[in-house]
Amino acid sequence: MAFEPQTDAASTSGTPGGPPALAITDLVKQYPTGTQALKGVSLHIPEGAFFGLLGPNGAGKSTLIHCTTGLAGPTSGSIEVFGHDAVQHYAEARKAVGLAPQDLNLDHFLTLEETLDFHGGYFGMNKKARKERAAELLDAFSLSGKRNDRANTLSGGMKRRLILARALMHRPRFLILDEPTAGVDVELRLELWHYVQRINQEGTTILLTTHYLEEAEQLCDRVAFINGGEIVAEGTSADLAKQYGVGSLEDAYLELVGRKELSRASLGEDIA
Ligand code: ADP
């Protein structure tokens with residue numbers, strides 16, 4: 001069956017009462033241009049959670065992810081991944097994280113197998129483990145037939161699957177999905193939903209950013225709204241709807257971005 005999860009239960013099951021997958025405290029990020037992208041963000045994601053981070057473009061989502069994965073340095077505040085400081089103990093913290101970035105940042109001249117193999121090598125996996133894991137993931141993502149093809153020959157949907165396989169290569173305990181379903185067709189979106197839900201159920205903690213509110217509602221047990229570099233609300237979808245005095249996560253989001261006139265509840269009223 002396609003998308004059979006291939007996590008290692010031993011590596012994903014945590015210690016009860018152990019450190020959270022992600023603990024961000026008072027994080028400030030100011031870019032050299034002067035833009036303060038994060039203005040004192042605190043966020044806790046317990047192990048095993050499926051957590052959604054939602055906000056409009058420019059809210060600070062990518063900056064938060066980049067600071068967590070060492071692609072950007074925090075100006076102040078702290079970030080811990082399973083208790084490892086993301087700056088002081090970068091290697092341990094980074095090893096625990098699998099990142100499926102929004103941009104399809106594949107090396108187009110590598111084959112699919114090489115893409116996974118190089119990634120595994122970067123994370124210190126030995127040759128045998130890399131070979132086995134790559135074969136397992138290519139199979140799980142229905143990419144085995146393309147293993148010797150170059151990444152630039154793949155369709156957009158296949159590239160998305162390869163990006164996710166690459167993120168999972170070193171068996172991370174914490175998976176960050178940055179808009180994983182942007183621009184994919186309905187079938188692949190649903191396949192990806194099933195897949196990530198299964199690996200979450202097997203113990204992998206997930207942080208998802210998405211612009212699809214129904215995706216967050218369907219998958220996430222908790223959601224935070226970020227706006228202007230600040231976390232402005234956090235809770236279950238139902239909590240957020242209640243907090244904004246509306247009936248759905250989407251309507252809560254529209255309140256957040258000041259566009260409540262776009263609510264689906266009022267669709268059709270304009271022509272009535
Ligand atoms: P999101 O991912 O929610 O769209 P970002 O984290 O990309 O938001 O951006 C947050 C803010 O930081 C925006 O104002 C953006 O223009 C700015 N920004 C992002 N990256 C950089 C950078 N490398 N240099 C300067 N400003 C940046």
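For ligands, and for the atoms within them, numbers begin at 1 and follow the listed sequence. None of the values given here were measured: they were computed from a predicted structure.
Within ligand 1, counting atoms from 1 as listed, the ones closer than 4.0 Å to a heavy atom of K61 are 1 (P), 2 (O), 3 (O), 4 (O), 6 (O), 8 (O). Those atoms of ligand 1 that come under 4.0 Å of a heavy atom in A59, given as number and element, are 1 (P), 3 (O), 8 (O). Annotation for ligand 1: atoms under 4.0 Å from non-hydrogen atoms of N57 are 4 (O).
In this structure, atom 16 (O) of ligand 1 has its sub-4.0 angstrom surroundings free of protein heavy atoms.
Closest protein heavy atom to atom 12 (O) of ligand 1: A37 CB, 3.4 Å. The shortest contact between atom 8 (O) of ligand 1 and any protein heavy atom is with G60 N, 3.1 Å. Here the heavy atom of the protein found nearest to atom 14 (O) of ligand 1 is T35 CG2, 3.7 Å. When hydrogens are left out, the protein atom nearest atom 19 (C) of ligand 1 is Y31 CE1, 3.5 Å; that is the closest non-hydrogen contact.
Note on ring orientation: taking the six-membered ring where Trp is involved, the planes of F225 and Y253 are perpendicular (angle over 60°, cut-offs 30° and 60°).
For atom 6 (O) of ligand 1, the nearest non-hydrogen atom from the set T63, T33, L54, T209 comes from T63. The nearest non-hydrogen atom to atom 11 (C) of ligand 1, considering only G55, G58, G228, comes from G58.
When non-hydrogen atoms are compared, ligand 1 lies under 4.0 Å from the backbone of P56 (N, CA, C, O) but not from its side chain.
Polar contact check, S62 against ligand 1: a nitrogen or oxygen pair lies under 3.5 Å apart.
Between the side chain of T63 and the backbone N or O of A37 there is no donor-acceptor pair closer than 3.5 Å.
Residues V41 and V223 do not share a hydrophobic cluster, defined by chaining ILVMFWY side chains whose heavy atoms lie under 4.5 Å apart. With hydrophobic clusters built from ILVMFWY side chains whose heavy atoms lie under 4.5 angstrom apart, V97 shares a cluster with L22. Note on L190: it clusters hydrophobically with I206, by side-chain heavy-atom contacts below 4.5 Å among ILVMFWY residues.
Geometrically, R173 engages F82 in a cation-pi contact, judged by NZ or CZ lying under 6.0 Å from the ring centre and within 45° of the ring axis.
F141 and Y195 have their aromatic ring centers within a separation under 6.0 angstrom.
Between R259 and E261 there is a salt bridge, since a side-chain N of the basic residue sits under 4.0 Å from a carboxylate O of the acidic one.
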